[in-house]
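The structure under discussion appears below in the form of structure tokens.
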Amino acid sequence: MGVTLLRSIFGLCAVSSSSRETDFYYSTRSNLRRRTSASKQQLTAIKSVTSTPPPPSRGIRSRRKNKDENVVENPYSKMEMAGPDLRKSLSDFLEEARDFVGDGGGPPRWFSPLECRAQAQGSPLLLFLPGIDGTGLGLIRHHKKLGEIFDIWCLHIPVSDRTPFKDLVKLIERTVKSENYRFPNRPIYLVGESIGACLALDVAARNPNIDLSLILVNPATHVNNFMSQPLSGMLNVLPDGIPTLLEDVFGFKKGDPLTGMLDALSNEFSVQRMGGVGGGMLRDLFAVSANLPTLSRMFPKETLLWKLEMLKCAISSVNSHIYSVRAETLILPSGRDQWMHNEEDIVRYSRTLPKCIVRKLDDNGQFPLLEDSLDLATIIKLTCFYRRGKSHDYISDYIKPTPFELQQQLDEHRLLMDAISPVMLSTLEDGRIVRSLEGLPSQGPVVYVGYHMILGFELAPMVGLLLKERNIHMRGLTHPMVFMYIQDSLVDPKMFDKYKLMGGVPVSNMNFYKLMREKSHVLLYPGGVREALHRKGEEYKLFWPEQSEFVRVASKFGAKIVPFGVVGEDDIFNIVLDSNDQRNIPILNDLMEKATKDAGNLREGDESELGNQDCYIPGLVPKIPGRFYYYFGKPIELAGKEKELKDKEKAQEVYLQAKSEVEQCIAYLKMKRESDPYRHLLPRMLYQASHGWSCEIPTFDL
């Protein structure tokens, strides 16, 4: 009955977990027992929260070194490949919770996982506010990645603690005020799960003048009475001492044969990485079964009844104070949890909170932070929610993707890459054209200017191959609509995730200047949206502004300009419904006008064709895939020409030279592809069948 009750109430067995890591990091405070197993030793430092804010140095390490707070280290220099298989699991959570459940009580207190001790200097503070379990271990699967970019403190609320909700808010508030006083120019992140989200909102409502960023994971917005009332009645009739009964009757003690067998089965399923929902549920069933005493000690009857009452109080308090919240907020509601929130409440929150982003976790349940499919650090990147100062800086606050995230991007576009078999050409210093990327400059700053295919189909192969073959990370200047979160938008913001993950930056003169100053490799499409959403018969036509917009800024930093052309879009689909056609269809016309209004026109007031920008989804009919061809021309050197290019006419000459070379690259590729015997799909497949599927397919003679 214990397993069934826990599964139905808390959904723990539905949590999909992954294999264990071998390094453990927790420790207990002085009055907690130190526990050592055959493969790992746990060392924890838990600090009490008293009536005064905690001191700067706590436990095993100093929270923040006494350095200039404006000094920021590179947060990605220590990043490791942290895929789901390398993160901790539900078994680890339950095993670590054993010490926290038996901590002897006491007041709520902060602790910092030792895994998080390697964060970069200047990282913002992240305070984790736990859900109904109260252990503070809810981020256990995310400590390693988040610890690279945040200074993480977790709140532990002992099982026997009965601190009222309002007093918990005051405890957190004291810490927030203390840290804000010490570092007034850095934000403080409050990450709250379920009831912890209520704590975060109440703290933000009481402190509208403190720079806070809220991340609310599956926030508790209401209690489903259909489930909570029978649960309360069931708990009232349950006998006390359930943990002792489980140990005495069923032999669930650490080291007993039955517990050892369940541990072994859980480990076996983790090591073999059984895929699918079934494999994850079996792993977690064994993990929960082996740790039933821990779970029953974590949720004794008296504590559960107390937490249910506190939950109702928390929701009532938040609903009365939510209009006072001024902090930016990221809400992550679970799609499969109808116990503690509903969609109407989330919509109300998103419309009430002034700076709010909602990103629904469609496939997650009651405890998303313990599930394989959720990576909180990645979500923070995809929503551009990370900052070290008063506002997000798309250049200095950008966090590079991990190797695992990069591999995910490559895998996502593998079908496209296999279908188009891209040919990459570049120009060496002596003018020779080679089939490789050898001719591209290794050191920045570099500006790549070229032709934008319909819907930007050329981006994924180009960015991926430059990163893979030359370790060149291109930062694309992107239309601001990619970074917008508009209520009732026709476009799902998730479709732009890859642009933000790979370093896209809203196009502006200031951002271009910053990228040049950082010696970045910058991808710039002067034709912009007008070129990427061109109409029928406009393939390979450039829609560049008449006047130079980037040459003089690039010359200040001695940048190189690399013109490039790309062809092949007419070999993979035909445009059958462009913006002119859609204007004649009332429903599509209304949708196009709304999308154009939401996106905004960067060329508004421009009377040329470039100012005629419509945001729409063109109707495309696919063809049997042809081939993409990329040609990077010889770099145009601007070093030493800063004074010369201050003259607008001289800068205009360089601008027109770059445009002319892009057109020449396109013309060259259109001509040469006619002689490529492997331009079409069937000859390429036959060649791969005889030479191996990973072979390089030949192309035209250079």
Side-chain angles (χ1 to χ4, degrees), residues 74 76 79 381-382 384 393-403 405-410 412-413 416-417 420 422-427 436-453 455-480 482-483 496-508 511-528 531-532 549-550 553-554 557 559-566 628-636 638 658 661-662 665:
N74 186 341
Y76 1 98
M79 277 286 188
K381 297 178 189 181
L382 298 179
C384 300
D393 188 306
Y394 288 94
I395 288 81
S396 62
D397 289 331
Y398 172 64
I399 305 171
K400 290 183 179 179
T402 64
E405 291 166 341
L406 290 175
Q407 189 60 49
Q408 280 186 314
Q409 290 298 309
L410 293 175
E412 182 180 332
H413 297 99
L416 174 64
M417 295 286 287
I420 64 172
V423 175
M424 294 283 178
L425 308 177
S426 63
T427 309
S436 71
L437 298 173
E438 184 182 351
L440 299 183
S442 299
Q443 302 297 323
V446 182
V447 186
Y448 300 84
V449 292
Y451 168 70
H452 215 350
M453 276 188 179
L455 295 178
F457 271 96
E458 83 285 356
L459 279 169
M462 179 172 64
V463 173
L465 286 174
L466 261 68
L467 193 57
K468 181 180 179 181
E469 297 184 8
R470 290 294 311 277
N471 196 29
I472 293 175
H473 190 171
M474 302 178 81
R475 303 290 306 273
L477 288 168
T478 311
H479 195 286
V482 169
F483 305 90
F496 299 125
D497 282 354
K498 57 187 175 184
Y499 303 114
K500 289 176 277 191
L501 182 67
M502 296 305 295
V505 177
V507 60
S508 71
N511 284 337
F512 182 63
Y513 180 91
K514 289 180 179 179
L515 288 169
M516 290 289 97
R517 185 179 60 194
E518 296 294 321
K519 301 186 183 302
S520 301
H521 289 252
V522 180
L523 177 60
L524 173 64
Y525 291 107
E531 206 165 87
E549 297 184 326
F550 62 88
V553 175
F557 299 94
K560 300 179 180 69
I561 298 176
V562 178
F564 72 91
V566 54
F628 278 14
Y629 303 86
Y630 297 79
Y631 175 23
F632 294 89
K634 187 175 180 179
I636 301 173
L638 300 184
E661 293 196 17
V662 171
C665 291

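Residue-environment remark: CD (Glu438) stays at or below the threshold of 12 foreign heavy atoms within 6.0 Å.
Side-chain contact check for Pro526 versus Phe550: some heavy-atom pair is nearer than 4.5 Å. Using a 4.5 Å cut-off on side-chain heavy atoms (C-beta onward), Pro445 and Val522 make no contact. Residues Pro461 and Leu416 meet the side-chain proximity criterion, which asks for heavy atoms closer than 4.5 Å. Looking at heavy atoms from C-beta onward, Val505 lies out of side-chain contact with Lys514 at the 4.5 angstrom threshold. In this structure the side chain of Leu459 reaches within 4.5 angstrom of the side chain of His452, judged on heavy atoms. The shortest side-chain heavy-atom distance between Val447 and Met516 falls under the 4.5 Å cut-off. Side-chain contact between Glu469 and Met424 is absent, with no heavy atoms from C-beta onward closer than 4.5 Å.
Taking Tyr448 as the reference, His521 meet the side-chain hydrogen bond (donor to acceptor under 3.5 Å, both in side chains) condition, with sequence neighbours excluded. With sequence neighbours left out, the salt bridge (charged side-chain N to carboxylate O under 4.0 Å, His left out) criterion links Glu531 to no other residue. With sequence neighbours excluded, no residue satisfies salt bridge (charged side-chain N to carboxylate O under 4.0 Å, His left out) with Lys560.
Here CG of Leu515 is found 5.5 Å from CZ of Arg475. Values are rounded to the nearest 0.5 Å. Note: Ile472 CD1 to Leu466 CG = 5.0 Å, rounded to the nearest 0.5 Å. With values rounded to the nearest 0.5 angstrom, Tyr525 atom OH is found 15.5 Å from His479 atom NE2. Rounding to the nearest 0.5 Å gives a distance of 13.5 Å between OH of Tyr398 and CD of Glu518. Going from atom OG1 of Thr402 over to atom CG of Leu501 covers 8.0 Å, rounded to the nearest 0.5 Å. Rounding to the nearest 0.5 Å places CZ of Phe496 at 12.5 Å from SG of Cys384.
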Do Ile561 and Glu661 pass the side chain to side chain contact (heavy atoms under 4.5 Å, CB included) test, and can you show the C-alpha distance, the side-chain angles, and the key distance before you say yes or no?
-> CA-CA 11 Å; Ile561 298 176; Glu661 293 196 17; over 6 Å; no
Residues Leu440, Arg470; criterion side chain to side chain contact (heavy atoms under 4.5 Å, CB included); working and verdict | CA-CA 9 Å; Leu440 299 183; Arg470 290 294 311 277; 3.8 Å; yes
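A donor-acceptor pair under 3.5 Å links the side-chain atoms of His473 to the main chain of Met502, judged by distance alone.
Contact record, Gly633 with Val562: O-CG1, 4.0 Å, taken as the closest heavy-atom pair. Here the closest heavy-atom approach between residue Thr478 and residue Val482 is recorded as CG2-CG2, 3.3 Å. Nearest heavy-atom pair across Ala554 and Leu638 is CB-CD1, 3.8 Å. In plain terms, the two heavy atoms of Val446 and Pro441 that are nearest each other are CG2-CB, 3.9 Å. Between Leu465 and Pro422, the closest heavy-atom pair is CD1-CG, 3.9 Å. Closest non-hydrogen pair, Ser426 versus Ser436, comes out as OG-O, 2.7 Å.
Using cut-offs of 30° and 60° for the angle between ring planes, the Phe564 and Phe632 rings count as tilted.
Within the 6.0 Å centre-distance limit, the rings of Phe483 and Tyr394 are counted as a close aromatic pair.
A salt bridge links Glu405 with Lys381; the closest basic N to acidic carboxylate O contact falls under 4.0 Å.
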